[in-house]
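Since the structure is predicted, the reported quantities are computational estimates derived from the model, not experimental observations.
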Amino acid sequence: MSEARQKVKKGGASVVGPKVRGSLPLYGEPRAVHSVTHRDVAVHVGRGDFSFARKAPMIQITVDEFERAAINYPIVFFGEDHQSYVVTGLDAERNLFVADDGYRPDAYVPAYLRRYPFVFARDDDSEALILCLDHGSERVGKVGDEGAVALFDGHEPTALTRQALEFCENYEAAQGRTRKLASLLREFDLLEVKQVHYTPPGEATPNLLLEYRTIDRSRLDALSPEDFLKLREAGALPAIFAQTASQANWDMLAVSRRQAEVERHKAA
């Protein structure tokens with residue numbers, strides 16, 4: 001049993017709960033799940049509301065998601081650690097895939113969003129992973145609320161909490177594989193820096209939207225047979241090909257943005 005699973009089952013290190021370390025984008029008020037502090041807490045399940053991601057133009061994904069995500073989004077690498085993201089919008093605070101009636105039905109929903117309002121975080125006083133719940137979420141309620149499922153039955157986690165814990169454990173493992181991919185891309189010098197510009201309607205000067213890294217197909221093609229075999233043996237090729245293919249989605253993203261602008265003007 002993992003340390004995170006033991007903490008949930010035994011009620012954590014303290015009644016107050018450990019302090020969460022690190023940034024958790026889209027999570028407003030994450031608190032460590034504890035059988036004492038959360039004995040009356042419940043979560044509304046089955047809701048398709050993704051309004052919490054309405055202003056997220058980029059969303060983290062793991063390498064396990066590349067092949068499916070590449071159908072809908074450009075996949076990019078961002079930051080010093082080359083974390084992988086899907087680009088969901090061409091504005092600073094807009095996700096083109098989130099609408100009033102939920103997430104766009106033809107699009108893949110990243111695991112980062114599907115695990116919400118649960119998340120793993122690291123204890124500020126240790127390296128232990130702890131299961132947290134975003135108390136800023138509208139999905140969080142009280143035991144007895146219609147449609148809400150309790151987190152604990154006495155001191156024992158319910159099926160909902162165990163499922164959330166398992167999902168977060170699997171996500172953390174996938175993040176480890178994602179870091180391995182980023183390390184390989186750096187090792188073989190396959191990444192190049194690119195910029196995305198967008199010219200708003202009625203303007204002549206393009207705006208810089210994003211500077212990111214992407215896999216350079218020419219560098220990939222120039223690899224020696226030995227290095228290419230190393231990537232294949234590491235299982236990196238499907239993700240690499242998916243990422244390069246995903247770059248065709250920049251045009252589709254621009255089309256979606258123009259359509260959204262047209263609909264906005266019609267509604268005005």
Side-chain angles (χ1 to χ4, degrees), residues 22-26 53 56-90 95-97 103-104 106-115 119-120 167-198 208-257:
S23 174
L24 297 172
L26 304 184
M58 295 174 61
I59 297 169
Q60 277 190 24
I61 63 165
T62 68
V63 66
D64 294 13
E65 304 174 83
F66 274 31
E67 291 180 90
R68 179 59 187 88
I71 298 174
N72 302 114
Y73 313 97
I75 299 173
V76 302
F77 301 96
F78 190 73
E80 294 182 0
D81 58 352
H82 300 157
Q83 171 65 52
S84 52
Y85 290 81
V86 289
V87 181
T88 60
L90 296 177
N95 184 339
L96 292 169
F97 292 84
Y103 212 85
R104 208 170 82 180
D106 63 327
Y108 172 75
V109 182
Y112 190 94
L113 303 184
R114 285 185 279 118
R115 70 178 176 177
V119 66
F120 261 175
F167 192 102
C168 289
E169 286 177 336
N170 291 337
Y171 187 88
E172 185 65 21
Q175 279 285 57
R177 292 187 287 273
T178 307
R179 290 189 289 271
K180 181 179 179 181
L181 173 67
S183 178
L184 287 169
L185 297 178
R186 290 191 297 269
E187 177 184 348
F188 292 99
D189 193 27
L190 293 178
L191 295 173
E192 65 170 337
V193 177
K194 280 196 171 183
Q195 294 181 338
V196 175
H197 294 81
Y198 180 77
L208 175 62
L209 294 176
L210 177 68
E211 184 171 275
Y212 65 97
R213 285 177 173 81
T214 185
I215 296 171
D216 185 337
R217 187 57 187 261
S218 63
R219 297 185 190 183
L220 179 65
D221 292 340
L223 286 177
S224 67
E226 293 78 15
D227 286 345
F228 191 82
L229 181 60
K230 290 178 182 178
L231 288 176
R232 190 184 76 175
E233 290 176 344
L237 291 183
I240 288 174
F241 292 140
Q243 195 278 331
T244 55
S246 77
Q247 301 310 292
N249 290 323
W250 285 111
D251 291 338
M252 295 304 298
L253 208 58
V255 170
S256 296
R257 189 188 189 280

If you look at every heavy atom in [X] and [Y], which pair is closest and at what distance?
| X | Y | value |
| --- | --- | --- |
| Leu90 | Ala254 | CD1-CA, 3.6 Å |
| Arg219 | Leu191 | NH1-O, 2.7 Å |
| Gln60 | Tyr112 | O-CB, 3.6 Å |
| Gln175 | Ile61 | OE1-O, 4.4 Å |
| Val76 | Met58 | CG2-CE, 4.1 Å |

Result block: side-chain N/O donor-acceptor pairs under 3.5 angstrom for residues 237-249, not counting sequence neighbours:
unit_1, atom_1, unit_2, atom_2, d
Gln243, OE1, Thr214, OG1, 3.4
Gln243, OE1, Ile215, N, 3.3
Gln243, NE2, Ile75, O, 2.7
Gln243, NE2, Thr214, OG1, 2.9
Thr244, OG1, Ile240, O, 3.3
Thr244, OG1, Phe241, O, 2.9
Ser246, OG, Ile75, N, 3.0
Ser246, OG, Gln243, O, 2.7
Gln247, OE1, Trp250, NE1, 3.0
Gln247, NE2, Ile75, O, 2.8
Gln247, NE2, Gln243, O, 3.2
Asn249, ND2, Ala70, O, 2.7
Asn249, ND2, Tyr73, O, 2.9
Asn249, ND2, Ser246, O, 3.4

Within this structure, what is the [atom1]-[atom2] distance for the pair [X] and [Y], rounded to the nearest 0.5 Å?
| X | Y | atom1 | atom2 | value |
| --- | --- | --- | --- | --- |
| Asp251 | Ser256 | CG | OG | 11.0 Å |
| Arg104 | Asn95 | CZ | CG | 9.5 Å |
| Phe120 | Phe167 | CZ | CZ | 11.5 Å |
| Tyr103 | Thr88 | OH | OG1 | 6.0 Å |
| Tyr212 | Glu192 | OH | CD | 8.0 Å |
| Asn170 | Arg115 | CG | CZ | 12.0 Å |

Given side chains that start at C-beta, do those of [X] and [Y] come closer than 4.5 Å, heavy atoms only?
| X | Y | value |
| --- | --- | --- |
| Arg179 | Asp81 | no |
| Val86 | Tyr108 | no |
| Leu220 | Leu231 | yes |

**With sequence neighbours excluded, residues passing side-chain hydrogen bond (donor to acceptor under 3.5 Å, both in side chains) with Asp221** = Arg217
**Item:** For Arg232, all residues meeting side-chain hydrogen bond (donor to acceptor under 3.5 Å, both in side chains), sequence neighbours excluded
**Value:**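 Applying side-chain hydrogen bond (donor to acceptor under 3.5 Å, both in side chains) to Arg232 gives none.
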Is a side-chain N or O of [X] found less than 3.5 angstrom from the main chain of [Y], in a donor-acceptor match?
| X | Y | result |
| --- | --- | --- |
| Asn72 | Ala107 | no |
| Arg114 | Val109 | yes |
| Ser84 | Phe77 | no |
| Thr178 | Ala174 | yes |

**Message:** Among Val119, Thr62, Asp64, which residue satisfies the side-chain contact (heavy atoms from CB on, under 4.5 Å) criterion with Tyr171?
**Reply:**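 Answer to the side-chain contact (heavy atoms from CB on, under 4.5 Å) test with Tyr171 among Val119, Thr62, Asp64: Thr62.
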**Prompt:** Do Arg68 and Phe66 meet the cation-pi criteria used here (NZ or CZ under 6.0 Å from the six-membered ring centre, within 45° of the axis)?
**Reply:**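 No cation-pi geometry.
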